[in-house]
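It should be emphasised that the depicted structure is a prediction, and the values quoted were computed from it without experimental measurement. Chain letters run A, B, ... following the sequence lines, proteins first, then strands; residues in each count from 1.
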Amino acid sequence: MARYLISRTLQILLTLFAFICIVYFIVNAQPGDISNVYAMNPELPPDARERLQSQFGLNEPLWKQFLVYVRNVFTGSFGVSFSFYPRTVADVIAERLPRTVALFFTATVFSFYLGFLLGKIIAWKRGGWTEYATTIGGVTLYTVFTPWFALMMIWLFAFKAGWFPIGKFLDPVLWRDAPIEANTLFGRMMLTALALSIIVFVVFVITTRLRIGGARLIQLGSIVVSIGIMLGAWRLTGHGHLAWDIVKHMVLPVFTLTLISFAGTMLLTRNSMLETMREDFVLAARAKGLPEKAVRDKHVARNALLPVVTSLVFSLAFAVDGGVIIESVFSWPGMGQTLVSAAVAEDLPLAVGAFVFVGIFVLLAHLAVDVIYVFLDPRIRY
Amino acid sequence: MSGYPLLAVEDLTMHYQTRAGEVCAVDGVSLSLERGQSLGLVGESGCGKSSLALALLRLQPENAQILRGKVLLDGVDLVSLSEEEMRTYRWNRIAMVFQSAMNALDPVYRVGDQIIEALEQHSNAARQDMVDRVGELYKLVNLSPNFIQRYPHEYSGGMKQRAIIAMALACEPDLIIADEPTTALDVIVQDHILREFGNIRKELNMSMLYISHDMAVIAEVSDVVAVMYAGKIVEYGTAEEVFNKPIHPYTRALMSAFPSVTGEKHELATLGGEPPNPLDLPSGCHFHPRCPFATDMCAEQEPPTVRRGDHWADCWNPPED
């Protein structure tokens with residue numbers, strides 16, 4: 001396993017290098033540089049423009065710039081953002097990334113959970129109206145024109161019903177005199193969510209490993225108790241209402257994203273289930289006298305899980321680049337918007353940096369999938 | 001004990017709905033099996049042997065339907081039970097050793113846990129007792145207890161088959177249905193397992209329904225033999241009678257298609273023609289197109305039952321006794 005991980009890591013570094021090359025040259029293939037932004041500005045004398053170029057090293061040949069860039073990346077620096085000067089690219093990404101991750105991770109997890117659940121059900125009971133309704137509904141949502149659908153959601157739930165805010169990450173009026181930075185608070189919220197999922201995960205692993213009776217009850221209880229404790233702790237900090245504001249802003253985009261994407265997982269699960277249902281061990285499980293639900297969940301769904309997990313991990317990796325469309329429609333200041341504005345402002349270091357970041361996540365996800373497989377399928381050994 | 005035989009199948013009929021039409025896989029089958037007895041069910045591929053086995057456990061695929069007939073286990077009709085009640089019979093009273101033992105174990109669970117899963121379903125014993133029971137079963141089928149905690153892919157083919165047998169024995173069922181359990185194994189392993197399995201079965205006084213297309217294996221393991229052709233039992237009798245004095249031409253053809261090591265040397269006869277198309281069965285006796293003794297009568301009317309003691313066959317032209 002260790003050997004395998006080491007060789008995989010080396011492969012990943014090589015792939016990453018190739019990826020950086022491609023991204024760097026493609027992004028830099030567009031004409032001009034940051035000084036173009038000032039080209040129409042008559043107050044900027046030509047020599048100032050040249051100084052600007054030489055200050056950022058833009059007068060050097062591209063291959064030289066590239067070598068410097070690669071050296072910087074592998075020493076952990078993504079350079080300085082032009083449009084957010086003097087902030088570094090890493091700094092800008094560090095600000096935007098958590099917002100995107102929070103939104104898209106949550107939505108991805110929800111849509112996989114929903115998709116897996118529905119896929120399981122429609123594979124099991126084929127031919128009923130449930131199958132037609134969920135398949136047609138799911139595929140319709142999956143293929144619908146996303147910006148239109150997102151706008152309809154806003155119109156219906158935010159504008160007409162007034163249940164949710166219309167867009168943005170937070171309510172500026174509420175935050176004007178807030179004693180705490182939105183990002184700090186948001187970081188704490190993310191930590192809370194992380195702690196919560198770790199606790200729940202540990203409880204689940206322990207209860208299933210030890211085969212304690214009433215595992216279901218313990219799991220449910222632990223979830224309720226830990227959520228209660230977290231909520232209580234947030235109340236005590238006095239920032240509870242601010243955190244709630246952010247949560248409220250997240251609901252509608254998460255809901256929209258889940259609806260748009262769950263059908264993919266649903267159909268994947270369905271096919272994987274149908275394939276597994278033909279296996280002899282499923283018949284054997286029935287012959288053993290297991291109830292249908294146990295056959296479905298313990299044997300069929302468990303074996304059908306592998307391709308779904310693969311797809312989930314990659315989706316989570318791609319969640320870091322967010323979605324340009326959803327972020328724009330919901331005015332969500334995340335990675336997607338950052339990428340677009342960087343491209344428009346000729347902020348090439350930021351654009352390249354954002355892409356490279358996504359690349360790193362995807363490559364790490366590949367590695368994670370390999371490791372997860374060992375736990376999911378005992379036949380896999382490295 | 002009650003006056004009932006352990007298993008009595010009466011006029012069992014099962015149809016498959018397929019796109020091409022209705023297929024009658026099991027056609028009015030009647031059987032009976034005493035406690036401790038072993039019944040060999042023999043026939044070509046596709047004659048309905050496996051369908052019959054699945055129907056006994058009510059595990060037929062969704063497109064299959066039991067149209068009529070009874071499956072009486074100790075006098076209780078399984079066909080009329082609710083699904084919930086049926087579950088308590090599965091494995092606990094009737095266990096099954098599957099055709100493809102290679103795939104009958106779930107690859108993601110340890111083999112020991114899969115046996116415990118069956119035990120858990122039918123008893124309230126403490127977990128430690130179940131673990132001990134698995135150890136006993138492994139000893140019984142000659143598997144090393146080290147393998148209890150291993151996964152199916154770490155077993156060889158023969159070991160998997162032994163594990164499957166151990167699993168079938170777990171709840172001490174009254175009846176074990178073995179559906180060509182050793183087909184995928186090489187002859188030597190097959191022979192070992194058959195012999196051990198037979199001994200265990202006799203020791204525990206379990207009944208067995210052994211399904212195979214292999215006459216030699218059937219001869220080795222069964223007390224009573226039923227020959228199946230196109231969904232029907234065409235000959236039935238004790239193993240001795242059926243093998244020594246077969247009545248039905250199909251049985252005779254099956255027997256002469258297998259070589260005998262100890263008997264006289266003779267040319268192996270192969271049965272001409274193809275198994276009948278289940279969608280369009282021949283009229284009269286379903287076997288008549290392939291039968292060397294067929295007369296016009298065979299094509300027109302269903303054959304009568306010829307009885308010689310408890311040994312019977314459905315045929316128009318039985319050989320002289």
Should Phe281(A) and Pro152(B) count as side-chain neighbours, where that means a heavy-atom distance under 4.5 Å?
-> no
Which heavy atom of [X] sits nearest to which heavy atom of [Y], and what is that distance?
X: Leu283(A); Y: Phe98(B); result: CD2-CE2, 3.5 Å
X: Lys298(A); Y: Asp106(B); result: O-OD2, 4.3 Å
X: Pro291(A); Y: Gln121(B); result: CD-NE2, 3.5 Å
X: Asp280(A); Y: Asn103(B); result: CB-O, 3.5 Å
X: Pro107(B); Y: Pro378(A); result: O-CG, 3.1 Å
X: Ala284(A); Y: Ala104(B); result: CB-O, 3.6 Å

d(Asp377(A) CG, Tyr151(B) OH) to nearest 0.5 Å is 9.5 Å
Leu290(A) CG to His122(B) NE2 distance, which is reported to the nearest 0.5 Å = 7.5 Å
More than 12 non-hydrogen atoms from neighbouring residues, nucleotides or ligands closer than 6.0 Å to [atom1] on [X], yes or no?
X: Glu83(B); atom1: CD; answer: yes
X: Phe110(A); atom1: CZ; answer: no
X: Tyr113(A); atom1: OH; answer: no
X: Tyr142(A); atom1: OH; answer: no
X: Leu217(A); atom1: CG; answer: no
X: Gln65(B); atom1: CD; answer: no

Heavy-atom proximity to chain A below 4.5 Å, by part of [X]:
X: Met86(B); result: neither
X: Gln114(B); result: both
X: Ala118(B); result: both
X: Leu54(B); result: side chain

Measure distances from Arg286(A) to the heavy atoms of chain B and classify the residue's part below 4.5 Å as side chain, backbone, both or neither.
-> both
Evaluate side chain to side chain contact (heavy atoms under 4.5 Å, CB included) for Glu117(B) paired with Lys288(A), printing each intermediate quantity in order.
-> CA-CA 8 Å; Glu117(B) 188 184 34; Lys288(A) 281 200 273 189; 2.9 Å; yes
Do the side chain of Arg90(B) and the main chain of Ala287(A) share a donor and acceptor less than 3.5 angstrom apart?
-> no
